[in-house]
Undergrad: 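I'd like to ask you about the structure that follows.
Note on naming: letters A, B, ... go to the chains in the order of the sequence lines (proteins, then strands), and numbering restarts at 1 for each one.
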Protein chains: 2
Amino acid sequence: MTTTTGTEASSAGSAAQRERRKRILDATIALASEGGFDAVQMRTVADDAEVALGTLYRYFPSKIHLLVSALDREFERAERRTAELAVPGDTPHERVMFILGRTTAALQKSPLLTEAMVRAFMFADASVAGEIHQVGTRLITMISRAMTGSPYHSQATEEEAAIVRVISDVWLAALVGWVTGRTTAEDVEKQIDVAVRLLLR
Amino acid sequence: MTTTTGTEASSAGSAAQRERRKRILDATIALASEGGFDAVQMRTVADDAEVALGTLYRYFPSKIHLLVSALDREFERAERRTAELAVPGDTPHERVMFILGRTTAALQKSPLLTEAMVRAFMFADASVAGEIHQVGTRLITMISRAMTGSPYHSQATEEEAAIVRVISDVWLAALVGWVTGRTTAEDVEKQIDVAVRLLLR
DNA sequence: ACAGAGGGTAGAACGTGTTTCAATTCTACA
DNA sequence: TGTAGAATTGAAACACGTTCTACCCTCTGT
């Protein structure tokens with residue numbers, strides 16, 4: 001098993017390899033943005049990224065790995081953009097809603113991309129555990145930061161951690177509902193707001 | 001579009017058709033129980049149910065429809081078995097945990113069947129909205145009954161309904177984690193317990 | 001210089017979900 | 001009873017994720 005994996009995936013390997021990896025993820029995101037999950041076809045991704053199909057599979061062992069990795073990269077970028085900023089809002093409720101609201105709005109601007117990534121995330125099986133955990137951790141970190149209001153990793157209590165997990169569950173469920181057309185965009189916001197209000201009181 | 005669909009799916013059509021539908025779902029559940037999502041292959045289901053592949057697709061337009069319909073039938077049966085019984089427990093928390101705990105335990109007895117159904121449920125796209133909604137409604141009803149403690153549909157308040165939805169989100173998320181090997185069986189129980197405690201206080 | 005190894009490429013091949021179609025059987029109704 | 005239309009069948013074909021094969025570069029250690 002020589003495949004790059006996990007945390008240091010994007011920094012491992014030669015410059016050419018990092019470049020290939022980037023091209024693959026770029027192509028993935030472009031295709032997903034235009035046509036959603038179904039439009040991300042492995043042959044097309046390989047062509048667009050100018051790598052052979054076999055190479056694509058060497059970097060990402062399945063379509064699901066590929067899309068979840070793309071999701072992780074997007075999250076990582078969003079994280080980096082806002083890591084050192086303090087979250088505005090006077091109460092935990094306000095701050096959490098600010099963060100989730102902004103993230104949700106961003107996702108709703110590219111519905112097809114979101115559909116592709118969310119469906120991959122939900123369909124992932126045990127073999128994608130590493131990537132899934134990575135994304136889950138980022139999500140938890142993001143919400144925790146918003147709750148405490150500090151950009152630094154202040155140690156959360158057991159109870160706070162539990163609350164954060166519940167919020168992330170609700171957020172994902174709402175997102176799935178929206179992606180599959182069962183729920184409107186405003187409903188997502190409202191569902192989260194209700195959950196956060198119930199939990200942070 | 002003559003396909004049987006939605007609520008009255010199992011009662012519509014001739015006796016022979018109901019019989020075919022039943023055979024198909026039986027075969028689906030048998031295969032899923034033995035080998036999970038991947039073992040439910042459309043050709044095999046058709047063979048086992050003794051219908052042609054085309055007929056299978058007339059009844060269920062995709063593998064996902066098929067599995068979600070199977071999930072719905074299982075839920076419906078569970079519902080019927082317990083519809084008129086009062087839920088034991090002195091507090092909403094106890095009652096909700098009783099119901100979810102028992103259901104979770106039942107699902108954990110057939111891990112592969114559960115894996116197949118849960119993954120189909122989470123992967124479903126907009127075309128499965130009807131079946132998904134059906135299952136979601138059953139789930140909500142079940143939890144509501146447990147919360148109020150009455151077998152009858154006492155009108156829930158806005159707030160109660162919101163709580164129920166959050167609980168069902170958490171339950172599904174925990175189930176997904178378990179199905180994909182990210183979480184142990186006890187964790188599922190614990191996660192739900194924490195969420196219910198946070199919400200019902 | 002050279003052999004070997006590892007990654008890359010092109011393309012065929014395989015498995016399974018889905019579609020299609022001609023032929024047959026069933027069902028409802030005049 | 002006869003017949004039109006719907007449902008079912010069997011089998012082939014298609015699409016796309018995934019795997020496999022044969023070959024080519026480019027390094028690296030001797």
Undergrad: Give the rounded distance in Å between these two atoms: CZ of A:Phe60 and P of C:dG7.
TA: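 In whole Å, C:dG7 P lies 16 Å from A:Phe60 CZ.
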Undergrad: What's the OH-C1' distance between A:Tyr59 and C:dG8, to the nearest Å?
TA: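 Taking OH of A:Tyr59 and C1' of C:dG8, I get 9 Å after rounding.
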Undergrad: Apply ring-ring contact (aromatic ring centres under 6.0 Å, His included) to A:Phe123 and list each qualifying residue two or more places apart in sequence or on a separate chain.
TA: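 If we apply the ring-ring contact (aromatic ring centres under 6.0 Å, His included) test to A:Phe123, skipping adjacent residues, the hits are B:Phe37, B:Phe123.
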Undergrad: Nearest whole angstrom, please: distance from the C1' of C:dG8 to the CD of A:Gln17.
TA: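 Computing the A:Gln17:CD to C:dG8:C1' distance gives 10 Å.
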Undergrad: Got a sec, which residues hit salt bridge (charged side-chain N to carboxylate O under 4.0 Å, His left out) with A:Arg73, two or more places apart in sequence or on another chain?
TA: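 For A:Arg73, the residues satisfying salt bridge (charged side-chain N to carboxylate O under 4.0 Å, His left out) (neighbours in sequence not counted) are A:Asp26.
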Undergrad: Counting only non-hydrogen atoms, which of residues 34-51 of chain A are less than 4.0 Å from DNA chain C?
TA: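 A:Arg43, A:Glu50, A:Val51, in order of number.
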Undergrad: Could you please name the option among C:dT18, D:dG17, D:dT9 that lies closest to any side-chain atom of A:Lys63?
TA: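 When the side chain of A:Lys63 is considered, D:dG17 is the closest of C:dT18, D:dG17, D:dT9.
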Undergrad: A:Tyr57 has an atom OH; how far is it from atom P of C:dA10, in whole Å?
TA: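 Result: 17 Å.
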Undergrad: With sequence neighbours left out, what residues match A:Arg165 under salt bridge (charged side-chain N to carboxylate O under 4.0 Å, His left out)?
TA: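 Here no residue qualifies.
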Undergrad: What nucleotide, of C:dA12, D:dT8, C:dG7, holds the atom closest to the side chain of A:Leu53?
TA: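 For A:Leu53, the side-chain atoms sit closest to C:dA12.
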Undergrad: Which whole-number value in Å describes the distance from A:Arg23 CZ to C:dG8 P?
TA: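 Distance check: A:Arg23 CZ to C:dG8 P gives 10 Å.
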Undergrad: Picking from D:dA7, C:dG17, D:dG10, which would you name as closest to the side chain of B:Arg58?
TA: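 Of the candidates, D:dA7 comes closest.
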Undergrad: So, using salt bridge (charged side-chain N to carboxylate O under 4.0 Å, His left out) as the criterion, who are the partners of B:Arg43 when residues are at least two apart?
TA: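 So B:Arg43 forms no salt bridge (charged side-chain N to carboxylate O under 4.0 Å, His left out) with any residue.
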Undergrad: Taking A:Arg201 for the side chain and A:Leu198 for the main chain, is one N or O donor matched with an acceptor at less than 3.5 Å?
TA: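 Answer holds: yes.
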Undergrad: Could you state the CZ-P distance from B:Arg18 to D:dA7, rounded to the nearest angstrom?
TA: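 Rounded to the whole Å, the gap is 15 Å.
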Undergrad: Starting from P on C:dG17, measure out to CG on B:Leu67 and report it in whole angstrom.
TA: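 Taking CG of B:Leu67 and P of C:dG17, I get 10 Å after rounding.
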Undergrad: May I ask you to decide whether B:Lys190 forms a salt bridge with B:Glu186, counting only side-chain N to carboxylate O separations under 4.0 Å?
TA: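 No, this pair does not count.
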Undergrad: Let me have the donor-acceptor pairs involving side chains of residues 102-111 of chain A, under 3.5 Å, with sequence neighbours excluded, atom names and distances please.
TA:
from	atom 1	to	atom 2	distance (Å)
A:Thr103	OG1	A:Ile99	O	2.8
A:Thr104	OG1	A:Leu100	O	2.6
A:Thr104	OG1	A:Trp171	NE1	2.9

Undergrad: Nearest of C:dT9, C:dT18, D:dT8 to any side-chain atom of B:Ser62?
TA: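 Given the options C:dT9, C:dT18, D:dT8, the side chain of B:Ser62 is closest to C:dT18.
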Undergrad: Send over the distance from A:Ile24 CD1 to C:dG8 C1', rounded to a whole Å.
TA: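 Going from A:Ile24 (CD1) to C:dG8 (C1'), I get 11 Å.
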